[in-house]
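Below, read A as the first sequence line, B as the second, and so on, with proteins coming before strands; counting in each chain starts at 1. These numbers were taken from a predicted model, which means no experiment stands behind them.
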Amino acid sequence: MPELPEVETVVKAINKSIKSRQINKFKIINSKLRWTISSYIPSKTKDNYIKTIYRRGKYIIFKLDIGYLIIHLGMTGIIKFINDKDLPYEKHDHFDIEFKDGYILRYNDVRKFGSVHYCKNIDNQFLVKKLGCEPLDDTFDKFYLKRVCQKKEIPIKNLIMNQTIVTGIGNIYACEALFISEIKPHKKSKSLTLDNCEKLVNAIKFVLKKSIRDGGTTLKDFKSLDGKPGYFKQKLLVYGKQLCGCGNEIKILKIGGRSSFYCNKCQK
DNA sequence: AACGGCACCTGGTCGC
DNA sequence: TGCGACCAGGTGCCGT
């Protein structure tokens with residue numbers, strides 16, 4: 001589900017909502033997620049203060065007094081903000097982070113593709129350490145993209161969705177950015193010119209920033225903490241569309257098993 | 001080393 | 001109304 005803008009929206013909302021920053025307890029409700037929730041998380045996190053909450057790629061990271069708590073929302077992960085301790089659990093609730101003042105962050109995940117991990121050192125964390133550069137950082141520029149495209153036979157869409165190269169871009173924003181930069185999703189990475197790379201980098205930054213401003217994209221499951229959907233969906237140009245702005249029919253192509261929407265006329 | 005495809009899950013929708 | 005097929009925003013891992 002959530003790509004960078006949705007995760008960014010959730011992180012902002014958590015930062016705004018949480019008043020008490022001391023964890024009372026971490027409660028496991030259903031440990032079965034992408035990785036089984038470690039039974040030692042409750043004892044490791046108990047009474048810890050949360051120093052900061054930030055995003056890295058599609059991961060939400062809580063920096064604690066000692067160590068880090070790392071959450072991934074998978075496809076259908078939702079964080080609910082609850083102020084009633086006795087609110088009954090719902091189907092697919094997986095864990096609670098309960099604070100000293102009684103407020104609770106409750107994680108719910110229908111498809112169980114999400115995860116939560118605890119680690120001492122974030123630089124060694126097996127998932128986070130593999131991540132490539134942040135697309136909104138200055139290090140992600142046309143020269144970087146050109147360099148990583150070199151000699152790559154894979155479609156450019158696969159490349160920008162590869163989290164070890166650049167992190168946070170998923171299927172929706174890959175389609176949108178390729179449309180804006182007028183590049184076909186299945187174009188071979190190595191055939192991109194420096195000019196193509198510049199357009200694509202700019203398009204990625206543009207579409208991500210724009211979506212963050214609108215609170216992310218809601219297709220089906222995504223909601224921010226307050227239950228509000230994101231409004232970016234209304235601004236999608238190709239994803240899920242049937243007709244391009246130019247009047248041409250939008251084509252759908254399976255690339256790497258994912259539906260790729262593009263305009264045969266506008267994208268070269 | 002690089003790449004394609006599968007697996008992990010649940011639920012919604014569509015056609016018969 | 002029921003049932004099977006197919007679809008969904010992610011990604012680690014396996015075989016080639």
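- In this entry the distance linking CG of A:L73 with C1' of C:dG10 reads 11 Å, nearest Å.
- A donor-acceptor contact closer than 3.5 angstrom is absent between the side chains of A:Q163 and A:Y59.
- Between A:H92 atom NE2 and B:dC9 atom P the separation is 13 Å, expressed in whole Å.
- Residue A:R258 places at least one side-chain N or O under 4.0 Å from the OP1 or OP2 atom of C:dG10.
- Nucleotide B:dA1 holds its C1' atom 15 Å from the CG atom of A:L159, rounded to whole Å.
- The backbone N or O of A:R111 sits less than 3.5 Å from a side-chain atom of A:T76, completing a donor-acceptor pair.
- Separation of the P atoms belonging to C:dT11 and B:dG12 is 23 Å when rounded to the nearest angstrom.
- If you chain together hydrophobic residues whose side chains sit under 4.5 Å apart, A:V201 and A:V207 fall into the same group.
- Nucleotides of DNA chain C nearest to A:R34 and A:S259 differ in position, and the one nearer the 5' end is that of A:S259.
- In terms of phosphate contacts, A:H72 brings no side-chain nitrogen or oxygen within less than 4.0 Å of OP1 or OP2 of C:dG10.
- Both A:G256 and A:R111 sit near DNA chain C, but only A:R111 has its closest nucleotide nearer the 5' end.
- Contact annotation for A:G257: no contact, since no heavy-atom pair falls under 4.0 Å across all strands.
- Here the P atom of nucleotide C:dG9 and the CD1 atom of A:I169 are 16 Å apart, to the nearest Å.
- Residue A:K112 places its side chain closer to B:dC9 than to any other of B:dC9, B:dG4, C:dG12.
- A donor-acceptor pair is defined here as one N or O able to donate and one able to accept, closer than 3.5 Å; no such pair exists between the side chain of A:S31 and the backbone of A:I37.
- For C:dG9, the OP1/OP2 oxygens have a side-chain nitrogen or oxygen of A:Y239 closer than 4.0 Å.
- The side chain of A:N171 lies closest to C:dG10 when the candidates are B:dG11, C:dG10, B:dG4.
- With centroids closer than 5.5 Å and planes inclined by less than 30 degrees as the test, A:F113 and the base of C:dT11 fail to qualify as a stacked pair.
- Computed from coordinates, the A:Q163 CD to C:dG12 C1' distance equals 12 Å when rounded to whole Å.
- Side-chain proximity of A:K254 to C:dA8, C:dT11, B:dG11: nearest is C:dA8.
- Atom-to-atom, NZ of A:K130 to C1' of C:dG10 comes out at 13 Å; the value is rounded to the nearest Å.
- Comparing C:dG9 with B:dC3, their P atoms sit 23 Å apart, to the nearest whole Å.
- Separating the OH atom of A:Y59 from the P atom of C:dT11 is a distance of 6 Å, rounded to the nearest angstrom.
- One finds no side-chain N or O of A:K233 lying less than 4.0 angstrom from the OP1 or OP2 phosphate oxygen of C:dG9.
- A salt bridge between A:E3 and A:K58 is absent, with no side-chain N of the basic residue lying under 4.0 Å from a carboxylate O of the acidic one.
- OP1 and OP2 of C:dG9 both lie 4.0 Å or more from every side-chain N or O belonging to A:T217.
- Salt-bridge check for A:D101 with A:K19: failed, with every basic side-chain N at 4.0 Å or more from each acidic carboxylate O.
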Review point. Could you write out DNA chain B as a dot-bracket string, with dots for unpaired bases, | for bases paired across to another strand, and Watson-Crick or G-U pairs counted at under 3.5 Å?
Key: .|||||||.|||||||
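- No salt bridge links A:D123 with A:K129; every basic N to acidic carboxylate O contact stays at or beyond 4.0 Å.
- A straight line from NZ of A:K32 to C1' of B:dA7 spans 12 Å, rounded to a whole angstrom.
- Note on A:K152: a side-chain N or O is less than 4.0 Å away from OP1 or OP2 of B:dC3.
- Using P as the reference atom, B:dC9 and C:dC3 are 24 Å apart when rounded to the nearest Å.
- Contact annotation for A:F126: no contact, since no heavy-atom pair falls under 4.0 Å across all strands.
- Comment: A:R55 engages A:E134 in a salt bridge, judged by a side-chain N to carboxylate O separation of less than 4.0 angstrom.
- A salt bridge links A:D195 to A:K199: one of the charged nitrogens lies within less than 4.0 Å of a carboxylate oxygen.
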